[in-house]
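These notes concern the structure reproduced below.
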Amino acid sequence: MAKVLEYPDRYCSLISIILKVISVMTLISSTLMQAIKSAAALFIVFYCVSGIPASAQGLQFCKTDDNGWIPSKLVHDCEDLAVLRNDVELQFTFGQMYYHGVGVTKDDTAALEWFRLAANQGHPQAQGRLGRMYADGDGVAHNYTTAAKWYRLAADQGDADAQWWLGGLYRSGEGVPQDYTAALKWYRLAADQGMVAAQISLGGMYSDGIYVPQDYAVAVMWYRRAAEQGDSHAQFVLGQMYENGYGVAKDYTAAAKWYRLAADQGSKAAQLGLDWMYVHGQAVP
């Protein structure tokens with residue numbers, strides 16, 4: 001069991017910021033995971049180990065092994081400390097580490113328990129992630145009713161991911177009664193926070209007239225918001241809408257622009273759309 005340690009305020013503030021950055025980064029992209037393994041491990045160790053200066057000796061002591069994993073003894077000490085302190089941020093961070101396999105061997109069961117500890121203290125991201133694990137059956141049996149419970153707790157606190165996931169359950173009727181009005185409500189709350197997936201969901205619903213009156217102009221608005229954040233699918237669809245004049249005036253120059261942005265990110269559909277425009281003399285150089 002690790003000893004409960006005290007830290008100067010300036011170090012605690014810095015560590016708190018670092019832990020939040022690590023938590024956010026682990027949610028962004030699997031491509032970043034390998035790049036931050038050693039950094040994540042190092043920061044967690046510094047959080048848990050007292051009296052190690054930021055010196056060459058300290059850095060040498062805190063080095064991870066060749067796989068970027070934290071030495072197991074330090075992991076266990078840090079875990080003990082997270083429980084002893086009832087540190088919700090550290091508990092959530094351990095959940096992220098085990099869920100993504102950052103600094104430790106991936107372990108869905110361990111991730112589930114760490115997320116649960118943080119979720120029971122009201123941590124919205126932990127609640128959302130716990131709900132997702134129940135929905136996906138990661139480390140636990142599928143249970144959409146339980147997933148909806150945790151999603152709602154997080155969504156009510158404004159967590160955009162949980163709002164989008166909860167909207168999806170209402171749309172499909174899994175774990176909750178099917179309710180398209182509720183689905184739109186939660187999608188819109190997430191989309192208004194800038195969540196690309198929710199913006200695309202709304203764009204698709206208004207474009208196809210699914211559960212709402214078909215409205216291409218509203219669809220264009222949502223697709224544009226996602227496209228401006230760099231989403232290639234939204235860029236491709238927006239290109240189609242400009243090419244065909246759905247919800248906007250037909251504009252081949254704008255269509256080619258959005259196709260090109262999506263094509264540059266590897267979208268095969270956008271590449272084909274752009275090729276078609278060049279063949280028919282509609283795309284500008």
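Just so you know, residue 1 is the first one in the sequence shown, and it goes up from there.
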Worksheet item: Hey, quick one: are W222 and I210 part of the same hydrophobic cluster, counting side-chain heavy atoms closer than 4.5 Å, chains of contacts allowed?
Response: yes

Worksheet item: From K149 NZ over to Y134 OH, what is the distance, rounded to the nearest 0.5 angstrom?
Response: 7.5 Å

Fill in: Side-chain donor-acceptor contact under 3.5 Å, Q127 with Q157
yes

Fill in: Closest non-hydrogen atom pair, A119 against A126
N-CB, 3.7 Å

Item to complete: Looking only at non-hydrogen atoms, find the nearest pair between A162 and G128 and report the distance.
Response: CB-CA, 4.4 Å

Item to complete: For the residue pair L112 and D138, establish whether any side-chain heavy-atom pair is separated by less than 4.5 Å.
Response: no

Worksheet item: With side chains defined as the heavy atoms from C-beta onward, is the minimum distance between Q199 and V196 less than 4.5 Å?
Response: yes

Worksheet item: In terms of hydrophobic clustering (I, L, V, M, F, W, Y; side-chain heavy atoms under 4.5 Å; direct or indirect links), are Y99 and V140 co-clustered?
Response: yes

Fill in: CE on M241 to CD on E243, rounded to 0.5 Å
12.5 Å

Worksheet item: Just how far is it from atom CG of D161 to atom CZ of R129, taken to the nearest 0.5 Å?
Response: 7.5 Å

When the side chains of residues 185-195 are checked against the rest of the protein, which donor-acceptor pairs come out under 3.5 Å, sequence neighbours left out?
| unit_1 | atom_1 | unit_2 | atom_2 | d |
| --- | --- | --- | --- | --- |
| R188 | NH2 | Y206 | OH | 2.8 |
| Q193 | NE2 | G158 | O | 2.8 |
| Q193 | NE2 | Q163 | OE1 | 2.9 |

Discussion item. For a quick test of reading the model, state the closest non-hydrogen atom pair linking I200 to A226 and the distance between them.
Written reply: CG1-CB, 3.8 Å

Discussion item. side-chain hydrogen bond (donor to acceptor under 3.5 Å, both in side chains), that's the test. Do Q265 and Q235 meet it? Break it down for me.
Written reply: CA-CA 10 Å; Q265 294 191 67; Q235 291 168 344; 2.9 Å; yes

Discussion item. So, taking the atom named CD in Q121 and the one named CD in Q91, what distance separates them when rounded to the nearest 0.5 Å?
Written reply: 5.0 Å

Worksheet item: Where is the tightest heavy-atom contact between G239 and A255, given as atom of each residue plus distance?
Response: O-CB, 3.3 Å

Discussion item. I want to check something: taking the side chain as every heavy atom from C-beta on, are Q178 and Y170 in contact at a cut-off of under 4.5 Å?
Written reply: no

Worksheet item: Just how far is it from atom OG1 of T105 to atom CE of M97, taken to the nearest 0.5 Å?
Response: 10.5 Å

Worksheet item: Do the ring planes of Y223 and H233 sit parallel (below 30°), tilted (30 to 60°) or perpendicular (above 60°)?
Response: perpendicular

Worksheet item: Does any N or O in the side chain of H142 come within less than 3.5 Å of the main-chain N or O of A135, such that one atom is a donor and the other an acceptor?
Response: yes

Discussion item. With heavy-atom distances below 4.5 Å as the criterion, would you say the side chains of L184 and M205 are in contact?
Written reply: yes

Worksheet item: Between CG of D156 and OH of Y151, what distance do you get to the nearest 0.5 Å?
Response: 14.5 Å

Worksheet item: Do Y246 and W258 share a hydrophobic cluster (ILVMFWY, side-chain heavy atoms under 4.5 Å, transitive)?
Response: yes

Item to complete: Search all heavy atoms of T253 against all heavy atoms of D251 and return the closest pair with its distance.
Response: N-OD1, 3.1 Å

Worksheet item: Stepwise, does the side-chain hydrogen bond (donor to acceptor under 3.5 Å, both in side chains) test hold for E174 with S172?
Response: CA-CA 6 Å; E174 294 172 311; S172 64; 2.9 Å; yes

Practice prompt. Decide whether a cation-pi geometry holds between K250 and Y242; the criteria are a distance under 6.0 Å from NZ or CZ to the six-membered ring centre and an angle within 45° of the ring axis.
Written response: no

Practice prompt. Taking D231 for its side chain and A227 for its backbone only, find out whether a donor-acceptor pair lies under 3.5 Å.
Written response: no

Practice prompt. Report the C-alpha separation of F115 and F92 in whole Å, then their side-chain angles, then the decisive distance to 0.1 Å, and conclude whether the side chain to side chain contact (heavy atoms under 4.5 Å, CB included) test is met.
Written response: CA-CA 6 Å; F115 285 142; F92 174 66; 3.6 Å; yes

Worksheet item: What about L117 and L90, same hydrophobic cluster or not, with Ile/Leu/Val/Met/Phe/Trp/Tyr joined at side-chain heavy-atom distances under 4.5 Å?
Response: yes

Worksheet item: Is there side-chain contact between K106 and Y98, with heavy atoms separated by less than 4.5 Å?
Response: no

Item to complete: Determine, using the 4.5 Å side-chain heavy-atom cutoff (strictly less than), whether F236 and V248 are members of one ILVMFWY cluster.
Response: yes

Item to complete: Could you pull out the closest heavy-atom pair between M133 and A111, with the gap in Å?
Response: CE-CB, 4.2 Å

